Every structure is written in structure tokens, then in C-alpha cells.
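Reviewing the structure listed below.
All ligand and atom numbering here is 1-based and tracks the order in the structure. None of these values were measured; they are calculated from a predicted model.
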Amino acid sequence: MNSVTVRVPAKVNLQLAVGPLRDDGYHDLVNIFHAVSIFDEVTATAEIGVSVRVEGESADQVPEDDDNLAIQAALALARHAGRSYGVSLLIRKSIPVAGGMAGGSADAAAALVACNELWGLGLPTEDLLEIAADLGSDVPFALLGGTAVGTGRGERLSPLEVGGTFHWVFALADGGLSTAKVYAECDRMREAIGEQVAWPQAADPLLAALRGGDAKALGAELANDLQPAAVMLRRSLARTLDTGREYGALGALVSGSGPTCAFLAESEAHAGELALSLKAAGVARDVITAYGPVPGPTVV
Ligand code: ATP
């Protein structure tokens, strides 16, 4: 086999509960991940040496050297296999870059699956999940897809039962937000008001809404502890969120560390209408519709 292409989805967090700052600089999280139908494609081609090229949505903001998470994934897999393998990776991006939708993590997961196949390693998902956890807290979920709750730094995953398909609208912003800066702002804001930070817990009503496929109930339960910090760093997000609510979104929240905003719709038709209204209101660089949950990386 000379070439393998893998399609991999973006994620939105349905609940992101951020616990107290730990001594190691991380936070204990409860992170309910939901994979949605916005896809990057990663093609791995047999080659001497390891390289990457990036095309598509904001490709100029993605490194084409060893800082690229897909390259790091390929190198980590080769190390795990105890051999030096070569690959040239081509990433076609549709997932917004630095948009809080885990695009880099998705590309890393896709590279693990593609190289595992290309190099004929045949490693089981458990091994890939181990490598993924070392690459970043969002990479293990990117390997799984569907809907799952992550604890620890977000990397200890349990898949969740979901009783239906949910329809989403995503408002993309100009430029990204640094995840590290958003966490730092969250810590600063909490300290400034002397907030006693509770231990993070998955919200039972949200889990019930997912099981029942109940979009209205889910909309009311969407929650992101990073949202105040993201809005503080990018004030225009408050207006974007309000506009979506005014136009009838069942729920509105900043996706992960932002600045992408996510809106839950009643149906596919409602998502289309909501997207048109948000576009017309001029509160986003671009507006796209998607549905979830969708499966993780798929060889195409
Ligand atoms: P998360 O939601 O996991 O915090 P994000 O969606 O906000 O992540 P990414 O799109 O993953 O952000 O990008 C974060 C940074 O990682 C970017 O600024 C980019 O330079 C870098 N990066 C490295 N590799 C990639 C990649 N393959 N795709 C996108 N960004 C990458």
C-alpha cells in the first residue's frame, strides 16, 4: 500500500467543567466531547523521511514542520513500533484553526490511524489511545469519535449513549484564541473574585438529555467554564452568542477555548435558517452547519 487517506471530525464540548488548578499546571476536567460533521482529511504516502503539507481553511496558520501535531503523531507511532519509518502527510483542513474544535488533535489522531495502516503495524486502538494521550489531552477523544466523557486532563474516556442526532450551527471568528491563554484568564478571573472552585462533575440532566436524544433539554444544559474567559479575551463573542439565542437557538456556547461559537438547533431545517440569520447579522467570519455525533477517524 502506497497511500492511505483518513477523514477525521471536529469536536464541540457539550460540558466543559474546569476544576481547581493542579500543582502540575493542569486542571482536572469533566469534558463531554461530541464529534461533529466538519472534517479534515489526512493522506499518508510512503516516503523517505517525515514531512507535512497543509491545504485549505487557514492553512497558512498551521506549521509545516515538527510542530505540526500530525508529524508528532507519526514520529511517536514510529518510536512506539521501535523502527524508523518515513511518511509524507498531506492535511486538507476544513476544521477552523485554533478555533476550540480540536483540529490539531484531530489531525494527530488521523495521522496515527493512517500511518498504522500504511506501515502495516496493525496496532490495536488501545495502543493508539496510549500514544494519543501523550500527544495531548484532546487526541484520545479524536481517535474515538461519537460522544464521550473525559476526566483527568480530559484523556480518561468513557463513551456515552446518545439517543439521536443533534443539529448544530458554528459561527467561526477571525483569528484563533490560544488555549493556554484562555485557561490562564480563567484562573485569573477566578482568583480575582476569590471563587471556591468546585470539583468538576458531569451534569446528570445533560447525560439524560443525550440518552433521550432531547435537543431542547440538551440546549438548556450546555455549559463551558472557559466561556467567561474566552468572552473576556474576545468581547465580540458575547454579541455572537446573544444573536444566536435571539434567533431561536436551543442553546449557545463557546466551543472549548473558542473563539468558535456553537448553537444547537431543533432540526436540520432550523439549523439552516439559524445559519442564514447569523450570516445576515454579520456577527461571524463564516457560519457552517453540522450534525453529531459522528464516528472517529475513518479510512476513505
Ligand atoms: P483545542 O480545542 O484542542 O484547544 P484548537 O481547536 O483551539 O484546539 P487547533 O486548531 O488544534 O486549536 O490549533 C492550535 C494550534 O496548534 C494552532 O495555533 C496551530 O499552530 C497548532 N497546530 C499544530 N498542528 C496543527 C494541525 N495539524 N492543525 C491545526 N493546528 C495545528
Side-chain angles (χ1 to χ4, degrees), residues 6-16 18 26-27 29 31-36 38-44 50-76 87-115 132-133 135-144 150 153-155 157 170-186 224-227 229-230 233-234 237 253-262 288 290 297:
V6 170
R7 197 170 81 134
V8 64
K11 62 87 182 154
V12 59
N13 306 93
L14 307 179
Q15 184 194 357
L16 179 47
V18 180
Y26 288 100
H27 299 81
L29 304 175
N31 203 338
I32 300 189
F33 297 100
H34 180 67
V36 294
I38 302 170
F39 300 100
D40 280 359
E41 256 184 28
V42 177
T43 299
V50 175
S51 64
V52 68
R53 201 154 56 79
V54 186
E55 289 177 354
E57 157 84 21
S58 306
D60 56 334
Q61 289 160 41
V62 180
E64 287 187 322
D65 56 19
D66 286 2
D67 284 341
N68 192 296
L69 281 170
I71 290 264
Q72 289 175 22
L75 292 172
V87 65
S88 112
L89 298 167
L90 171 63
I91 304 176
R92 291 186 202 85
K93 288 211 74 74
S94 296
I95 304 175
V97 175
M101 300 194 79
S105 302
D107 297 343
L112 287 177
V113 171
C115 292
L135 291 167
S137 348
D138 288 352
V139 186
F141 174 73
L143 266 181
L144 273 195
R153 286 187 291 123
E155 81 290 7
L157 289 172
F170 293 96
L172 315 190
D174 271 320
L177 271 177
S178 145
T179 304
K181 281 193 185 143
V182 175
Y183 271 100
E185 180 62 16
C186 173
N224 179 0
D225 283 356
L226 291 180
Q227 185 161 308
L233 295 173
R234 187 74 66 86
L237 297 183
L253 88 171
V254 168
S255 178
S257 54
T260 304
C261 291
I288 45 182

How far does [atom1] of [X] sit from [atom2] of [Y], to the nearest 0.5 angstrom?
X      : Y      : atom1 : atom2 : value
Ser255 : His34  : OG    : NE2   : 11.0 Å
Asp66  : Gln72  : CG    : CD    : 7.5 Å
Leu226 : Ser257 : CG    : OG    : 6.5 Å
Leu172 : Met101 : CG    : CE    : 8.0 Å

Output yes when the distance from some N or O of ligand 1 to some N or O of [X] is under 3.5 Å, and no in every other case.
X      : result
Val97  : no
Ala98  : yes
Ala70  : no
Ala102 : yes
Met101 : yes
Pro63  : no

Counting each atom of ligand 1 from 1 as listed, which ones have a heavy atom of [X] under 4.0 Å away?
X      : result
Asp107 : 26 (C), 27 (N), 28 (N)
Pro96  : 10 (O)
Asp138 : 1 (P), 2 (O), 3 (O)
Lys93  : 28 (N), 29 (C)
Gln61  : 19 (C), 20 (O)
Thr179 : 4 (O), 7 (O)

Exercise for the section: For a side-chain contact (heavy atoms from CB on, under 4.5 Å) with Arg92, tell me which candidate from Arg53, Glu41, Glu57 qualifies. Expected result: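 When Arg53, Glu41, Glu57 are each tested with Arg92, the side-chain contact (heavy atoms from CB on, under 4.5 Å) holds only for Glu41.
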
Exercise for the section: May I ask whether Gly104 places a heavy atom under 4.0 Å from ligand 1? Expected result: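 So Gly104 counts as touching ligand 1.
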
Within the 4.5 Å heavy-atom criterion, are [X] and [Y] side-chain neighbours or not?
X      : Y      : answer
Val182 : Leu233 : yes
Asn68  : Val62  : yes
Phe141 : Asn31  : no
Leu112 : Leu135 : yes

Problem - atom 6 (O) of ligand 1 touched by protein (heavy atom, under 4.0 Å) - result: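 When distances to the protein are checked, atom 6 (O) of ligand 1 has a heavy atom within 4.0 Å.
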
Exercise for the section: Counting heavy atoms only, name the option from Ile91, Asp67, Val62 that's nearest to atom 25 (C) of ligand 1. Expected result: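 Among Ile91, Asp67, Val62, the closest heavy atom to atom 25 (C) of ligand 1 comes from Val62.
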
Problem - Which residue and heavy atom of the protein sit nearest atom 16 (O) of ligand 1, plus the separation - result: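 Of every protein heavy atom, Leu69 CD1, 5.0 Å lies nearest to atom 16 (O) of ligand 1.
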
Exercise for the section: Decide if atom CZ of Arg234 counts as having more than 12 heavy atoms of other residues, nucleotides or ligands within a radius under 6.0 Å. Expected result: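 Correct, the count exceeds 12.
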
